[in-house]
Participant: 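Before we start, here is the structure in question, set down as structure tokens.
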Amino acid sequence: MNIRLFKPSLGEEELEAIREAFERSWVGLGPKVSEFEEQWALFTGSEMAVGVNSATAALHLALACFRFPEGKKVLVPSLTFSATASAALYNRLIPVFVDSDPVTLGMDLDDAERKYDSDCVAVIPVHYAGHPVEMEKLVSWARGRGLKVVEDCAHTAGGIYRGRMLGTWGDIGCFSFEEKKLMTTGDGGMMVTDDPELFRDVKAMRWVGIDKDNWKSSRQYTASDSDAMHWYYELNILGYKYNMNDLAASIGLVQLKKLPGFNRRRSQIIERYLGGIAGIQGIEPLLPFEPEKYPYQMFGVRSDRRNDLIIYLKSLGIATGCHYTPLSIQPLFRKYPAGCPFIEAEHNRFVTLPLHADLSDGEVDYVVNALRTFNLNESKAAG
Ligand SMILES: Cc1ncc(COP(=O)(O)O)c(C=O)c1O
């Protein structure tokens, strides 16, 4: 048995969509990106969506939209992937690390309040593993403090919290379509907002400073008219090469149709895991998972014997991980304001277990059984 931790679920439909892009011979930034943006805006109920090559790029540009003065501070959870805090550094801002709520592992709002000072300009909540941050509380706190809210939705896609799509609670939402996520385009990301004025320059920022649909203007190149300047563009802004391309968008359009099914399957798997591990001593779910309500990108458990458990599962062909080493103890980030004692200790109990839409019930049962035999062996050794 060899069970992967994460796996993209891709099939013939995605291959067919790429074939069409090949046949059009337009694989860069083009009409499929626009179509995917429109579909994503509809899906999330946002005014505007912009496709980029990753959530890392989306988070960078999201903060850039506000043109914060250099040296201001951004509150980020310590328990997250590097990109959440790197976004602050890319913008010459200072990440301030916030501890986690012990139960949900989302940003601890009391700690955010303790870390807040008048230099803070934004906060980036992360819906860790897909479990929603209590956005009604966070947004109202942030508004009271004059903070902009950028939601890091890398672990969610289609999650609805209190009747509202995650990613649309704050000023800007950033999604990831990297291969381990709820849906994938290989690599890719999407930014959404209800304030198009905020996104005025985003299309130029994501495409080397040019705010022009290249594929539209290319039609003018051979049009029989008297315009000799069809090739002209102006550079008014520093841009990056962060655009999504038509190959990725073609895959994304197919994956978006499959997303509800993927999310349903993930929820079934989590229900099966939760039923299976209930009663195994020394193993507790990583989070108060509510699979009937939210889609999750990760499943995991907490155990005092984390390393022994990982080695045991490894010996049975079960891949595991630990998400994450808190950023506040990563060498790169150690010099920034932090002090996150809970998560800096607690992450040593985390084990991420296999979760992806193609995982079979048999594989889930195999993992659960391995957790049970680990526990039995441990009990025997102790007795
Ligand atoms: C919480 C979080 N934010 C941002 C990212 C960055 O996403 P991407 O790989 O699309 O750049 C990730 C990626 O794993 C993530 O887990």
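Order of appearance sets the numbers: ligands from 1, and atoms from 1 within every ligand. Throughout, numbering of the chain's residues begins at 1 and tracks the sequence.
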Participant: Main chain of Val50, side chain of Lys203: is a donor-acceptor contact present, judged purely on distance under 3.5 Å?
Facilitator: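 Here the side-chain-to-backbone pair does not exist.
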Participant: How does Thr80 reach ligand 1, by side chain, by backbone, by both or by neither, if only non-hydrogen atoms under 4.0 Å count?
Facilitator: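 Thr80 to ligand 1: side-chain contact only, backbone stays beyond 4.0 Å.
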Participant: So Tyr128 and Tyr324, would you call those rings parallel, tilted or perpendicular, with 30° and 60° as cut-offs?
Facilitator: perpendicular
Participant: At a non-hydrogen distance cut-off of under 4.0 Å, which region of Ser54 contacts ligand 1 (side chain, backbone, both, or neither)?
Facilitator: both
Participant: Determine yes or no for a side-chain-to-main-chain donor-acceptor pair under 3.5 angstrom, with Asp152 supplying the side chain and Thr84 the backbone.
Facilitator: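 Side chain of Asp152 to backbone of Thr84: no pair is present.
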Participant: Heavy-atom distances under 4.0 Å decide this one: backbone, side chain, both or neither, for Lys180 against ligand 1?
Facilitator: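 Contact part for Lys180 vs ligand 1: neither.
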Participant: Applying a heavy-atom cut-off of 4.0 Å, say which part of Tyr324 lies close to ligand 1: side chain, backbone, both or neither.
Facilitator: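 It is the side chain that touches ligand 1; the backbone stays farther off.
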Participant: Could you check atom 16 (O) of ligand 1 against the protein and tell me its nearest heavy-atom contact, residue, atom and distance included?
Facilitator: His155 NE2, 2.8 Å
Participant: Restricting to non-hydrogen atoms, name the atom on Ser46 and the atom on Asp194 that form the minimum distance, rounded to 0.1 Å.
Facilitator: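 Looks like CA-OD1, 3.3 Å.
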Participant: Specify side chain, backbone, both or neither for Ala154, according to which of its non-hydrogen atoms lie closer than 4.0 Å to ligand 1.
Facilitator: side chain
Participant: Of the listed options (Thr56, Ile124, Leu79), which comes nearest to atom 11 (O) of ligand 1 when hydrogens are ignored and any heavy atom counts?
Facilitator: Thr56
Participant: Between Ala21 and Val27, which heavy-atom pair has the shortest distance, and what is it?
Facilitator: O-CG1, 4.1 Å
Participant: If the cut-off is 4.0 Å to any non-hydrogen atom of Ser176, which atoms of ligand 1 fall inside it?
Facilitator: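 Checking each atom against Ser176, I get 7 (O), 8 (P), 10 (O).
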Participant: Give me the atom names and distance for the closest heavy-atom approach of Ala370 to Thr373.
Facilitator: O-OG1, 3.1 Å
Participant: Hey, does the side chain of Asp187 reach the backbone of Asn53 with a donor-acceptor pair shorter than 3.5 angstrom?
Facilitator: no
Participant: What heavy-atom pair brings Arg306 and His347 nearest, and what distance separates the two atoms?
Facilitator: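 Looking at all heavy atoms of both residues, the closest pair is NH1-O, 3.3 Å.
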Participant: Nearest heavy atom to atom 12 (C) of ligand 1 wins, so pick from Phe175, Phe6, Phe81, Tyr128.
Facilitator: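 Nearest option to atom 12 (C) of ligand 1, by heavy atoms: Phe81.
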Participant: Can you find an N or O of Ala55 that's nearer than 3.5 Å to an N or O of ligand 1?
Facilitator: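 N/O-N/O distance below 3.5 Å exists for this pair.
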Participant: For atom 4 (C) of ligand 1, which protein heavy atom lies nearest, and how many Å away is it?
Facilitator: Asp152 OD2, 3.6 Å
Participant: Can you name the atoms of ligand 1, numbered from 1 with element, that are less than 4.0 Å from a heavy atom of Val126?
Facilitator: 1 (C)
Participant: Only heavy atoms of Lys181, strictly under 4.0 Å: list the atoms of ligand 1 that pass.
Facilitator: 13 (C), 14 (O)
Participant: Could you pull out the closest heavy-atom pair between Val133 and Gly106, with the gap in Å?
Facilitator: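 That closest heavy-atom pairing would be CG2-CA, 4.5 Å.
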Participant: Output the list of atoms in ligand 1 that are nearer than 4.0 Å to some heavy atom of Glu178, sorted by atom number.
Facilitator: 9 (O), 10 (O)
